[in-house]
Student: 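My questions will all concern the structure given below.
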Amino acid sequence: MEHLSILLLCLLSHGVGNVMSYSTGAPPTACLELMPKHGRFAPEFSDPPYRILTDVVSINGTQLIKIVLQAIQVEEYSWKTIKGFVLQARKLDSQELVGAFSFQDRRDNGMPGDIRYMGCEYGSSAAVTHTNKRPKTELYLTWEPSGYYEGDVVFVGTFVQSFNTFWIGVKSEQLRLTKSAG
């Protein structure tokens, strides 16, 4: 009986390691590929019911950019929701992370603390993720370029609709960064 208990414990612990769920946000290991660690599930390849919107398409210097992560209305009274996400700003030419996200620790959509930093390779504020899996239809962030880079940037993200339904590589429109004259 003791051997059976040990065998069962080993099997259960092995299975848990293969299907990791991060209801409090993606781990830093998801920074490069933006792939959630949801076991053997593959991303969706259909058009995502989500979008990444910015308030401008070009900026000068270190101007702050407002970003909205938005679920798209799919039927007259039906919205998809965001249960999880990862968002980064990447240089278009090299895919290197650039800039820093900021957000207020306040209630957006009636839910406190929905966003946190991921801790990717370029500084701790270059990528953000969710803090809970409660459904949301919009999230608001602010992004600031680092000031040294001049070129094109795109916001790239992963959106999780449910544990086995997610889209990776969702992109915003390109954003043109120019250095300030000073």
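Owing to the predicted nature of the structure, the values given are computational and were not obtained by experimental measurement. Sequential numbering from 1 along the given sequence is applied to the chain's residues. The analysis underlying the following values was restricted to heavy atoms, covering all of them including side chains, and did not include hydrogens, waters or symmetry mates.
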Student: Is Y50 reaching over with its side chain to a backbone N or O of T137, donor-acceptor style, under 3.5 angstrom?
Tutor: no
Student: Taking the side chain as every heavy atom from C-beta outward, state whether E150 and L177 have any pair of such atoms under 4.5 Å apart.
Tutor: no
Student: Classify the ring geometry of W143 against F155: parallel below 30°, tilted from 30° to 60°, perpendicular beyond 60°.
Tutor: perpendicular
Student: Would you say the side chain of T54 lies within less than 4.5 Å of the side chain of E173, judging by non-hydrogen atoms?
Tutor: no
Student: From E44 CD over to N164 CG, what is the distance, rounded to the nearest 0.5 angstrom?
Tutor: 8.0 Å
Student: Which heavy-atom pair separates L69 from I82 by the least distance, and what is that distance?
Tutor: O-CD1, 4.0 Å
Student: About how many Å separate CD1 of I52 and CZ of F159, when rounded to the nearest 0.5 Å?
Tutor: 4.5 Å
Student: Can you name the closest pair of heavy atoms from I59 and P145 and give their distance?
Tutor: CD1-CG, 3.4 Å
Student: Atom CG of residue position D47 - does it have more than 12 heavy atoms of other residues, nucleotides or ligands inside 6.0 Å?
Tutor: no
Student: Looking only at non-hydrogen atoms, find the nearest pair between S146 and V98 and report the distance.
Tutor: OG-CG2, 3.6 Å
Student: Is K136 reaching over with its side chain to a backbone N or O of R134, donor-acceptor style, under 3.5 angstrom?
Tutor: yes
Student: Tell me the closest heavy-atom pair linking T158 and G169, and the distance in Å.
Tutor: OG1-N, 4.3 Å
Student: Return yes if some donor-acceptor pair links the side-chain N/O of T129 with the main-chain N/O of M118 below 3.5 Å, else return no.
Tutor: no
Student: Kindly say whether P49 contributes a backbone atom to a donor-acceptor pair with the side chain of W167 at under 3.5 angstrom?
Tutor: no
Student: When rounded to the nearest 0.5 angstrom, what is the spacing between CG in L92 and NZ in K171?
Tutor: 7.0 Å
Student: For Q88 and A127, work out which heavy atoms get closest and say how close.
Tutor: CG-CB, 3.6 Å
Student: Side chains of P43 and F166: closer than 4.5 Å at any heavy-atom pair?
Tutor: yes
Student: Can L175 and V56 be said to form a side chain to side chain contact (heavy atoms under 4.5 Å, CB included), step by step?
Tutor: CA-CA 8 Å; L175 179 67; V56 295; 4.0 Å; yes
Student: Applying side chain to side chain contact (heavy atoms under 4.5 Å, CB included) to I72 and K80, what does each step give before you reach the verdict?
Tutor: CA-CA 6 Å; I72 297 172; K80 295 295 182 184; over 6 Å; no
Student: Going only through I, L, V, M, F, W and Y residues with side-chain contacts under 4.5 Å, is there a path from I168 to F41?
Tutor: yes
Student: Applying a strict under-4.5 Å side-chain criterion to I, L, V, M, F, W and Y, I'd like to know whether F101 and Y148 cluster together.
Tutor: yes
Student: With side chains defined as the heavy atoms from C-beta onward, is the minimum distance between I115 and Y140 less than 4.5 Å?
Tutor: no
Student: Test side chain to side chain contact (heavy atoms under 4.5 Å, CB included) on D152 and K91 and set out the steps.
Tutor: CA-CA 6 Å; D152 293 320; K91 296 178 183 179; over 6 Å; no
Student: Heavy atoms, side chains only, cut-off 4.5 Å: are L87 and I67 in contact?
Tutor: yes
Student: Which heavy atom of P135 sits nearest a heavy atom of K83, and at what distance?
Tutor: CG-CE, 4.2 Å
